[in-house]
Amino acid sequence: MTAVSDFKSPFLRDFVARGHYYDCTDREALDALFLKERVTAYIGFDCTAPSLHVGHAMQIMTLRRLQQAGHRPIVVMGGGTTKVGDPSFRNEARPLLSEETIETNKQAILKSFRNFLTFGDGPSDAIMVDNAQWLDKLEYVPFLREIGRHFSINRMLTMESVKAKIDNDLPFSFLEFNYSIMQAYDFVELYRRYGCRLQSSGSDQWGNIVSGIDLGRRVENIQLFGLTTPLITTSSGAKMGKTAQGAVWLNPDMRSPYDYWQFWRNTEDADVGRFLRIFTDLPEGEIARLEKLKGAELNDAKKILATEATAICHGRAVADEAAETSRRTFEEGAMATGLPSFSLKLPDGILNLAVATGLASSNSEARKLIANNGLRLNDVAVSDPKMQVDASALNPDGVLKLSSGKKKHVLVRPA
RNA sequence: GGGGGAAUGUCCCGAGUGGCAAAGGGGGCGGACUGUAAAUCCGCUGCUUUCAGCUUCGUAGGUUCGAGUCCUACUUCCCCCA
């Protein structure tokens, strides 16, 4: 068996070096394939939310690396599979989403890929397809006869994601049971349509990927491949991008580029090098230099990480602007105009302003924030929950700054 | 189809004897210390017009001065038997 360090193809060598690699179904053969030809590979994204989040960024970066190496990435929107719902490693069944919701989500998610990948008709241009295209049309009995007969219940029951359900006496419906079959079928269909030989994904999808590979061998007599990436957690063990105010969305409507930049700026020390390799395109030499910085100097590396990662997701100009807004806000204490801003009627109570700007979710919460000395108006702590804010709080530019804690700042302009 | 069990603070787990805004965690939010880091410590964590009021314990009724706690029906899920 080829060791990871023996990879010859530029793509896999880079993939390993940058920390994307977790496992592969046939290292030697896949390496050879990458050396021999332009490989078409896909990753599927289900439409369970109106945006992808940072947790998906690893997968999108995988497609980006493929494209950079001259291969052809396929983005598969799971318009079909989302109707079934992936049960893997979840304690509860996903709520069944309506078709309208799935379609809305899909339309919103599509946009996220524009900056990460180049789409088009060229040989290594990315392709986007929706698996509803073929899954929706399947007929039950023909499908069972052609595809279903290749699936062994006995073996599916031994798959880790399924076994966990059985062992823990968790509910597991027939619908959910079929998700794996749908995904396996996708792989084969993508091979038929685009000559797609490789499926990549997070390590939790291993079982589903392997199912697709088996199916490919049986119905098309072709060797397909699987390549997985590690589940990314922060050094202190938290899942990537699961801050509790919500996921770190990639869609700018749901999380502003400035906040996205801030997310990366707040990376833990121990993660800086790892994240630079995975989430930016910086060359290894540069990253090696940055991650060696000590103590407070590491903050410079975090700023670069933030700007580079934001640039890939939202564009360079937007990223630079977010960096500048952050610099002025945190390093100069100025009222940078790039902060999230709100137009509100002005004489108003401080509680209303805190709620209207999203700094607090209710008046009670705003009161508590004040009681804890956490709410500040123009950098001065607010002590009176009954305080009225009027035009006198505005600076010469006609703006005032409201902050919750040391990191969350918003601007208010009179409406 | 028959029998048994479970649903708790709208993030999760989870105590709860008829007097409960409801123990304890986790998570989150603020504060202190720092480097917009981690770790640690402290406070907060249902809503409101906040020295008080209002609404919460799967749903709908009922018993009671008073129900998360008792009764009835229903819903969903789990287990055992078929």
Side-chain angles (χ1 to χ4, degrees), chain A residues 49 53 87 89-96 165-176 233-248 258-276 290-307 309-310 322-334 336 338-339 348-352 354-355 357-377 379-388 402-409:
Chain A
H53 54 75
F89 304 103
R90 297 182 142 257
N91 290 155
E92 287 170 37
R94 287 174 182 274
L96 224 45
K165 299 271 191 187
I166 309 286
D167 290 351
N168 297 319
D169 292 332
L170 294 167
F172 191 46
S173 72
F174 184 67
L175 175 81
E176 296 173 285
T233 53
T234 67
S235 289
S236 30
K239 264 186 204 160
M240 254 314 256
K242 284 266 167 100
T243 67
Q245 329 131 348
V248 179
Y258 164 76
D259 279 329
Y260 190 76
W261 192 96
Q262 281 292 321
F263 166 77
W264 291 105
R265 173 63 183 81
N266 284 292
T267 297
E268 293 175 27
D269 285 8
D271 293 327
V272 172
R274 191 162 54 112
F275 286 1
L276 279 167
L290 290 171
E291 71 180 337
K292 282 200 196 78
L293 295 173
K294 291 279 179 271
E297 290 185 343
L298 199 53
N299 284 335
D300 292 332
K302 292 184 190 182
K303 289 178 208 167
I304 291 171
L305 167 64
T307 302
T310 304
E324 175 60 12
T325 297
S326 298
R327 189 187 68 75
R328 293 189 54 196
T329 302
F330 287 91
E331 294 173 29
E332 292 180 5
L339 290 172
D348 201 355
I350 188 74
L351 295 178
N352 286 345
V355 173
T357 53
L359 257 30
S361 61
S362 68
N363 283 4
S364 289
E365 199 177 294
R367 280 173 200 279
K368 287 164 193 160
L369 191 60
I370 292 170
N372 284 316
N373 213 23
L375 185 68
R376 283 172 304 144
L377 170 63
D379 297 315
V380 179
V382 174
S383 56
D384 178 14
K386 292 194 178 118
M387 177 183 193
Q388 285 293 312
L402 211 54
S403 315
S404 163
K406 299 218 164 57
K407 293 189 191 173
K408 278 178 289 186
H409 308 281

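Sequence lines set the chain letters: A, B, ... in the order given, protein chains first and strands last, and positions in each chain run from 1.
With respect to the salt-bridge test (charged N to carboxylate O, under 4.0 angstrom), the residues Arg327(A) and Glu324(A) qualify.
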**Asked** When you check every protein heavy atom under 4.0 Å of nucleotides 49-55 of chain B, what one-letter string (B, S, -) results, 5' to 3'?
**Response** SB-----
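Side-chain proximity of Glu268(A) to the nucleotides A38(B), U36(B), C44(B) is greatest for A38(B). Of the listed nucleotides (U36(B), C44(B), C47(B)), C47(B) has the atom at the smallest distance from the side chain of Ser362(A). Closest to the Asp269(A) side chain, of the nucleotides A32(B), G35(B), C29(B), is G35(B). Nearest nucleotide to the side chain of Phe330(A), out of C47(B), C29(B), U36(B): U36(B).
The two residues Pro385(A) and Leu351(A) have their closest heavy-atom pair at O-CG, 3.4 Å.
Residue Asn266(A) is classed as a base contact, given a heavy-atom separation below 4.0 Å to a base. When heavy atoms are screened at a 4.0 angstrom cut-off, Thr267(A) is found touching the sugar-phosphate backbone but no base atom.
Annotated as anti: C65(B), whose O4'-C1'-N torsion sits more than 90° from 0.
Interface residues of residues 292-299 of chain A facing RNA chain B, ordered by number: Gly295(A), Ala296(A), Asn299(A); criterion, heavy-atom separation under 4.0 Å.
In this structure Ala334(A) satisfies the side-chain contact (heavy atoms from CB on, under 4.5 Å) test together with Arg328(A), Glu332(A), sequence neighbours excluded.
Phosphate contact (OP1/OP2 of G30(B), side-chain N/O of Ser404(A), threshold under 4.0 Å): present. Phosphate proximity of C29(B) to Lys407(A): absent, as no side-chain N or O sits under 4.0 Å from OP1 or OP2. A sub-4.0 Å separation between OP1 or OP2 of C47(B) and a side-chain N or O of Lys368(A) is present. Residue Lys408(A) places at least one side-chain N or O under 4.0 Å from the OP1 or OP2 atom of G30(B).
For Trp261(A) and Leu375(A), each mapped to the nucleotide of RNA chain B holding its nearest heavy atom, the one lying further toward the 5' end belongs to Leu375(A).
Between His409(A) and Tyr258(A), the ring centre distance reaches or exceeds 6.0 Å.
Remark: P of G30(B) and NE2 of His409(A) are 11 Å apart, rounded to the nearest angstrom.
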